[in-house]
There are 2 protein chains.
Amino acid sequence: MSDVSAPPCTTLDDRAIDIGPLPQLVGYALRRAQLAVFQDFYATFAEFDIRPTQFSVLTVLRHNPGRRQSQIADALGIKRANFVALFDGLRTRGLAERRPAPDDRRAHALYLTEAGAALLDELAVPLARHEGRFIARLGAADMQRLLTLLHRITGDG
Amino acid sequence: MSDVSAPPCTTLDDRAIDIGPLPQLVGYALRRAQLAVFQDFYATFAEFDIRPTQFSVLTVLRHNPGRRQSQIADALGIKRANFVALFDGLRTRGLAERRPAPDDRRAHALYLTEAGAALLDELAVPLARHEGRFIARLGAADMQRLLTLLHRITGDG
DNA sequence: TATTGTTATACTCTATAACTATA
DNA sequence: TATAGTTATAGAGTATAACAATA
C-alpha cells in the first residue's frame, strides 16, 4: 500500500547511501558479518549473562581441564594480562576455578566447576538455535563452505 | 634437523590445546578471520596512520559528497555520538571537512578535502596488495564465493 | 635469566543519556 | 515535539610495561 498523502522529501538528498567498493573488501565484509552474528549471540545469551569470549573460555576449559592460564589464553588469542580479569569474572560466578599446578608452584591449573559444566550443557540449546538461524540463511552446505573459507583466511586450514 | 639432546617435557601437559567445537561456530570463525585480516590491514596502513574505520569513512565520503553526518554514520553502522570524534580526527588532519547544510541549519554536509581524495588515491596501491594477500590464499573465485556468503550472513545478499 | 600470574595503565570501539540549536 | 550534532560517561576489548614468586 503506498501512501498518496506522503510528504515530499524533507532533505536535499535522502537517497540511500552508496558505500562504494566496501562490500568487496574482505575485511569490511568480515567485520559486518561478524557484528551481525555477535548481535544475535548477545541477544541469545543475554539472559545467561554470557558473552562470546566467556563462552569460548568455558568451552576450552571443558575440552582441556587442568591446563595453565597462559595456555588457555594463547589458544584463544587473548593476552595473559587480559585473561586474569576475564577468568576472575567466571570464577566469582562459580563457573570455573584455579587449582595449584602440581609441577610448578608459579602456575595455576584451570578447571570448570560442576556449575560451569552444567551451564555449558544448558547453553547447548540456545547455541543450537543461534547457529540454526544462520544455517537457515545459507543452508547447511553453504555454511560448511563458509566455515572452510574462513579457516583458510585465518590460516589454519 | 631434530635435536637429539632436546630436554624432556617441562610441564605436565604441553600438548596443543584442543579448542573443541569452536571452529565450527560461525561467530568464532568469523571473529578469528576478521582479526587476521585486520592485523594485516593495521600493518599495511600503519605508515599512513589509517585504521579500517577511518578508511571506510573516507571511502563513503568520496562516493557520497555532501551527505549529513548521521547518514554517513548510519551507513557504516556507527552511532552518531561516536562519529563526532572519529570525523574530527579526519578533519584536523585536513582529510575531510564540514560545511553548513543548505537546507537545515542544524545539519552539516560532509566532504572529502583534496588532501583526503589524494590520500585515498595513494592508499589504492597498498589496499590492492592487502586484498591480494588474501586472494592469494583462496584464489579469486573462492574469494568471490566468500564475499557472497558473508553478504548473505549480514543480510544484504 | 626466563617464565607465570598479576597489576597498572592507556587506547580503541561501542552504548546510552542528556544537552543545544534548530525544525 | 522531534531531529542533528554534540558532550559526557561507562563498559568491553586490546596492548605494553613492570613486578613478585618461582623456575
Side-chain angles (χ1 to χ4, degrees), chain A residues 7-14 27 31-32 34-36 38-39 41-43 45-46 49-57 66-74 76-91 96-110, chain B residues 7-14 27-28 31-32 34-36 38-39 41-43 45-46 49-57 66-74 76-91 97-110:
Chain A
C9 290
T10 57
T11 66
L12 215 55
D13 186 352
D14 57 4
R31 179 69 175 149
R32 295 305 292 250
Q34 185 243 300
L35 286 174
F38 270 39
Q39 284 306 118
F41 190 102
Y42 296 142
F45 294 100
D49 195 18
I50 287 290
R51 309 190 33 95
T53 306
Q54 296 173 313
F55 180 85
S56 70
V57 171
R67 296 304 195 98
R68 296 181 187 179
Q69 273 192 201
S70 295
Q71 288 182 304
I72 303 291
D74 277 356
L76 292 169
I78 301 167
K79 304 280 180 193
R80 70 189 197 285
N82 296 327
F83 192 86
V84 178
L86 170 56
F87 187 82
D88 279 344
L90 299 173
R91 186 182 56 79
E97 61 184 352
R98 293 183 177 93
R99 299 183 201 162
D103 61 325
D104 186 338
R105 289 184 11 206
R106 293 172 302 182
H108 293 143
L110 303 190
Chain B
C9 291
T10 57
T11 66
L12 214 56
D13 187 351
D14 58 2
Y28 183 84
R31 179 68 176 151
R32 295 305 292 250
Q34 185 244 299
L35 286 174
F38 271 38
Q39 283 306 117
F41 190 102
Y42 296 141
F45 294 100
D49 195 18
I50 287 290
R51 310 192 29 98
T53 306
Q54 296 173 314
F55 180 86
S56 70
V57 171
R67 296 304 194 98
R68 296 182 187 177
Q69 272 191 202
S70 296
Q71 287 182 303
I72 303 291
D74 277 356
L76 291 169
I78 301 167
K79 304 279 180 194
R80 71 190 197 284
N82 296 326
F83 192 85
V84 178
L86 169 57
F87 187 83
D88 279 344
L90 299 173
R91 186 183 54 80
E97 62 185 350
R98 292 184 179 92
R99 299 183 202 163
D103 60 326
D104 186 338
R105 289 183 12 207
R106 294 172 303 183
H108 293 144
L110 303 191

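Order of the sequence lines fixes the chain letters, A, B, ..., with proteins taken first and strands second; residue numbering starts at 1 for each chain. Every value quoted in this text rests on a predicted model; they were computed, and no experiment measured them.
- Distance D74(B) CG to dG5(D) C1': 13 Å, rounded to the nearest Å.
- Bounding nucleotides for the chain B contact on DNA chain C, 5' to 3', at a heavy-atom distance below 4.0 Å, are dT12(C) to dA23(C).
- Under the side-chain hydrogen bond (donor to acceptor under 3.5 Å, both in side chains) criterion, D88(B) pairs with R91(B), R98(B), not counting sequence neighbours.
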Could you run down the sub-3.5 Å N/O contacts of the protein with nucleotides 8-13 of chain D?
unit_1, atom_1, unit_2, atom_2, d
dA12(D), O3', R51(A), NE, 3.4
dA12(D), O3', R51(A), NH2, 3.3

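- Between atom CD1 of residue I72(B) and atom NE2 of residue H108(B) there is a gap of 14.0 Å, rounded to the nearest 0.5 Å.
- Annotation: the terminal axes of the helix from dT1(C)-dA23(D) to dA23(C)-dT1(D) meet at 10°, where each axis is the rotation carrying the C1' atoms of four end pairs onto the next four (5 pairs per end, rounded to 10°).
- The side chain of Q71(B) contributes no N or O atom lying less than 4.0 Å from OP1 or OP2 of dA4(D).
- In this view, R32(B) and T154(A), Y28(B) satisfy the side-chain contact (heavy atoms from CB on, under 4.5 Å) rule, not counting sequence neighbours.
- Partners of A109(B) according to the side-chain contact (heavy atoms from CB on, under 4.5 Å) rule, which considers only residues two or more places apart in sequence or in another chain, are Y111(B).
- Atom P of nucleotide dA18(D) and atom CZ of R80(A) are separated by 13 Å, given to the nearest angstrom.
- Residues passing the side-chain hydrogen bond (donor to acceptor under 3.5 Å, both in side chains) test with Q54(A): none are found, sequence neighbours excluded.
- Taking the six-membered ring where the residue is Trp, F38(A) and F41(A) present tilted rings, their angle falling between 30° and 60°.
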So which protein N/O to nucleotides 21-23 of chain D N/O distances come out below 3.5 Å?
unit_1, atom_1, unit_2, atom_2, d
dA23(D), OP1, R105(A), N, 2.9

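- Listed by chain and residue number, nothing satisfies the side-chain hydrogen bond (donor to acceptor under 3.5 Å, both in side chains) test with D74(B) (two or more places apart in sequence, or in another chain).
- With sequence neighbours excluded, the residues satisfying side-chain contact (heavy atoms from CB on, under 4.5 Å) with S70(B) are R80(B).
- Rounded to an integer number of Å, the gap from K79(B) NZ to dT3(D) P is 15 Å.
- Across all non-hydrogen atoms, the minimal contact from I78(B) to F83(B) is CG2-N, 4.1 Å.
- A36(B) pairs by the side-chain contact (heavy atoms from CB on, under 4.5 Å) definition with nothing, not counting sequence neighbours.
- Judged as a side-chain hydrogen bond (donor to acceptor under 3.5 Å, both in side chains), and not counting sequence neighbours, the contacts of R99(B) are E97(B).
- In this structure, the side chains of R51(B) and Y42(B) come closer than 4.5 Å at one or more pairs of heavy atoms.
- Map L35(A) and Q69(A) each onto its nearest nucleotide of DNA chain C; the residue landing nearer the 5' end is Q69(A).
- With rounding to the nearest 0.5 angstrom, the CG atom of L90(A) is 6.5 Å from the CD1 atom of I50(A).
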